[in-house]
J.: 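Dumping the structure here so I can ask a few things about it.
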There are 2 protein chains.
Amino acid sequence: MKNGKYSISDVAEMLGVSKSTVSRAINGNSGVGDELRKKVLDLVDEIGYKPNTIAQSLSRGRVNIVALILGDIRNPFYADLAFNIQRILNSHGYMVMVFNSEYDVQREIEFLKLTIQFNFAGLILITAQTEIVEDMLHSMDVPMVLVNRILPSYTGDSVLTDNFQAGYMAVMHLLELGHKHIGFVRGPGVSSASSQRFEGYRQALRNFSLPFNEEYVYESDLKMETGITLARNFVKDLKVRPSAMVVVNDMTAIGFIDGCRENGLSIPEDLSIVSFDDIEFSAMKGIELTTISQHVDKMSEHAARLMLKQLEEKDAKPERVILEPTLVIRKTTGPCKE
Amino acid sequence: MKNGKYSISDVAEMLGVSKSTVSRAINGNSGVGDELRKKVLDLVDEIGYKPNTIAQSLSRGRVNIVALILGDIRNPFYADLAFNIQRILNSHGYMVMVFNSEYDVQREIEFLKLTIQFNFAGLILITAQTEIVEDMLHSMDVPMVLVNRILPSYTGDSVLTDNFQAGYMAVMHLLELGHKHIGFVRGPGVSSASSQRFEGYRQALRNFSLPFNEEYVYESDLKMETGITLARNFVKDLKVRPSAMVVVNDMTAIGFIDGCRENGLSIPEDLSIVSFDDIEFSAMKGIELTTISQHVDKMSEHAARLMLKQLEEKDAKPERVILEPTLVIRKTTGPCKE
DNA sequence: TTGTAAGCGTTATCAG
DNA sequence: CTGATAACGCTTACAA
């Protein structure tokens, strides 16, 4: 017994039995007599012995930690996902380690390398980007779930919203309100979610012969602060402004709206805005975003379920779960007045 | 070499040297010739060998993970703290594992037990509560930093805002605006930050002979949703309402304001509100909280610094860092009209 | 400078 | 049903 903590050898010695017996007893494995098992368990309970997880991991060849890589935990959408996934996996005996890539490919690759070094039990990626990552992923033989982003050649488990449809829906809603000139704030190019929303938007524009204007397309790194900056440019640089904007995520939209109001634009009177995610804040008085829900609860449940499936069945078939987006109409969109 | 990964033995064998030599070389320890060291490093680099962190940890007796226990990662105040702390510790070679206690003592104790089992390198507690926890903490011989909460008998490293002063400041601000009847939404009783803010509030009331009314005191679990519920009761149950409220944190305040407006109260015309934290959202148009900043950046820097100090110096003296709160006046407080 | 070997705390294999 | 004993991959005295 070192450092105030008991080891399995201590327990074995105290009982005059072998380590194997103790190991079997505490792990609920067969091969120990009922009487002896009870004796072991009683002592373990009494002295408060806990097996050393590191040693277990080394022996078993993997650690019971699932790595979760996401862009930025400060974004409520990701925070919700992380929270829910963590809760579910915890309740099944797994730990979750959250990494913030800060939307940076280099950092993401670093974390992927860590996954190898640590022998993590599984890997959940909420922000998988570029071919480099894709190559690494292919060479990694570990349970893996992709959430909300898709990699072209990836065929494993994944759960995502139908982002094309989401983008399409956004435009349809604006169209019904009479808007014809509709701009778009996209996310980083490497985000498939963003690209697909953009595609849906383009398609809707085409289907209804609405004009597409390159000048009305902006790019955000998904942060609120960036939304504010973008809005300032939007207000100042454009001689003729669109009457509506589709914005890649709620955080950017909240910032964007803030920037617009700061510069004298009224929302939705002067400009209608639809975004995506439906984070908790978007329902608040004073915000009240019209947004397209990604159903973060379902998304996290599926992600956790798929991970557990891979963790617990050796050769489970890969699933691709596709969630339907839902339009939530609040107060940032209104009829077009022209 | 198993599972596509090289072990130190593989490297040693390929070079015809011993494992110890490889170990010394890659860890930058003395006792290897320059030439041989270079040979080792070159091969390691070429084949992309990475030491197995678990095996290292078992051997060294601790794993390079710092555990960070907080109430709820979905609260932006905590998310900011976690993000910053993680970033700093990562850059010094430590991993951070975030646990959501969900403000529940039982869960917190579970996580503490995990710290023992895992032999985590350090422990950062942003939500330390009750005597049970206190006892456990005392018996744990691991680098430890308490953030934003204080335990009576704890003498180790800690960083916190002067919450008493913060509570006092909140009242002073309202007093200057002419308010006399001031209520309070407190946090859970186990939160020392909340209790001290409450004490500061009480003291200010006493110092200026303002009336204290038990009916005007509510309790929140720090969540936005709860703020909404509280506000509904506040509006409906009270025949005579105070003209101002001090609310324990921004998230509750945002919900509270929402609930008030939903029930026809105007903020700040009918009711002034001051809260604490100054999360990013509080600056948004449509929210614009008057709030007391806890300087989350400084707070995280100190927390990380104190942890690193303990991690890297064997017998560093404990420090208690106390941050001055700052009042940020925005638009949820206004003059009292009576 | 380099190698040998013991140990870190478990689990798993194989005898008894 | 139970006990030795060998891994797991690395670090670290101690020898050479």
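Reminder, nothing fancy here: chain letters follow the sequence lines and each chain counts from 1.
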J.: To the nearest angstrom, how far is B:Phe118 atom CZ from C:dG9 atom P?
T.: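 Roughly 16 Å, once rounded to whole Å.
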J.: Under 6.0 Å from the CD atom of A:Glu13, do we count more than 12 heavy atoms belonging to anything else shown?
T.: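 No, because the 6.0 Å sphere around CD of A:Glu13 holds 12 heavy atoms or fewer from other groups.
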J.: How many whole angstroms separate atom CD1 of B:Ile116 from atom P of C:dG9?
T.: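 It is 15 Å, rounded to the nearest whole Å.
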J.: For the helix from C:dT1-D:dA16 to C:dG16-D:dC1, how many degrees between its two end axes (five pairs per end), to the nearest 10°?
T.: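 Computed from the C1' atoms at both ends, the axes differ by 40°.
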J.: Give the B/S/- string for nucleotides 10-16 of chain D, one per nucleotide from 5' to 3', where a protein heavy atom under 4.0 Å of the base yields B, of only the sugar-phosphate yields S, and otherwise -.
T.: BSBB---
J.: Test side-chain contact (heavy atoms from CB on, under 4.5 Å) on B:Met140 and B:Leu123 and set out the steps.
T.: CA-CA 10 Å; B:Met140 290 175 66; B:Leu123 185 56; 3.9 Å; yes
J.: Mark yes when over 12 heavy atoms from residues, nucleotides or ligands other than B:Lys309 sit less than 6.0 Å from its NZ; otherwise mark no.
T.: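 Buried by this count: over 12 neighbours within 6.0 Å.
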J.: Taking it one step at a time, do B:Ser18 and B:Thr21 satisfy side-chain hydrogen bond (donor to acceptor under 3.5 Å, both in side chains)?
T.: CA-CA 5 Å; B:Ser18 74; B:Thr21 302; 3.1 Å; yes
J.: In terms of side-chain geometry, is the basic nitrogen of B:Asp10 or B:Lys5 positioned less than 4.0 Å from the acidic oxygen of its partner?
T.: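 Judged by the 4.0 Å cut-off on N to carboxylate O distance, B:Asp10 and B:Lys5 do not form a salt bridge.
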J.: Between the side chain of A:Tyr6 and the main-chain N/O of A:Ser9, is any donor-acceptor distance below 3.5 Å?
T.: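 Side chain of A:Tyr6 to backbone of A:Ser9: no pair is present.
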J.: What residues, two or more places apart in sequence or in another chain, satisfy side chain to side chain contact (heavy atoms under 4.5 Å, CB included) together with B:Asp135?
T.: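 None.
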J.: Measure from CG on B:Asn119 to C1' on C:dT10 and round the result to the nearest Å.
T.: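 Spelled out: CG on B:Asn119 to C1' on C:dT10 is 13 Å.
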J.: Check the distance between C:dT10's C1' and A:Arg62's CZ and give it to me in whole angstrom.
T.: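 It works out to 17 Å between those atoms.
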J.: Excluding sequence neighbours, so at least two apart, what forms side chain to side chain contact (heavy atoms under 4.5 Å, CB included) with A:Ser57?
T.: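 A:Ser57: side chain to side chain contact (heavy atoms under 4.5 Å, CB included) contacts with A:Thr53, A:Val63, B:Ile54.
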J.: Distance-only, no hydrogens or angles: does the A:Asn100 side chain make a donor-acceptor pair with backbone N or O of A:Ile73 under 3.5 Å?
T.: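 Yes: the side chain of A:Asn100 pairs with the backbone of A:Ile73.
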J.: Could you give the side-chain donor-acceptor pairs of residues 34-46 of chain A under 3.5 Å, partners two or more places apart or in another chain?
T.:
{"from": "A:Arg37", "atom 1": "NH2", "to": "A:Asn29", "atom 2": "O", "distance (Å)": "2.3"}
{"from": "A:Lys38", "atom 1": "NZ", "to": "A:Asp42", "atom 2": "OD2", "distance (Å)": "2.8"}

J.: Taking 4.0 angstrom as the limit, do A:Arg305 and A:Glu319 come out as a salt bridge?
T.: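 Judged by the 4.0 Å cut-off on N to carboxylate O distance, A:Arg305 and A:Glu319 do form a salt bridge.
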J.: May I ask you to list the residues of residues 33-44 of chain B, by number, that have any heavy atom positioned under 4.0 Å from an atom of DNA chain C?
T.: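 Correct list: B:Gly33, B:Leu36.
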J.: Whole angstrom is fine here: how far is it from CD in B:Glu13 over to P in D:dG9?
T.: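 Atom CD in B:Glu13 sits about 13 Å away from atom P in D:dG9.
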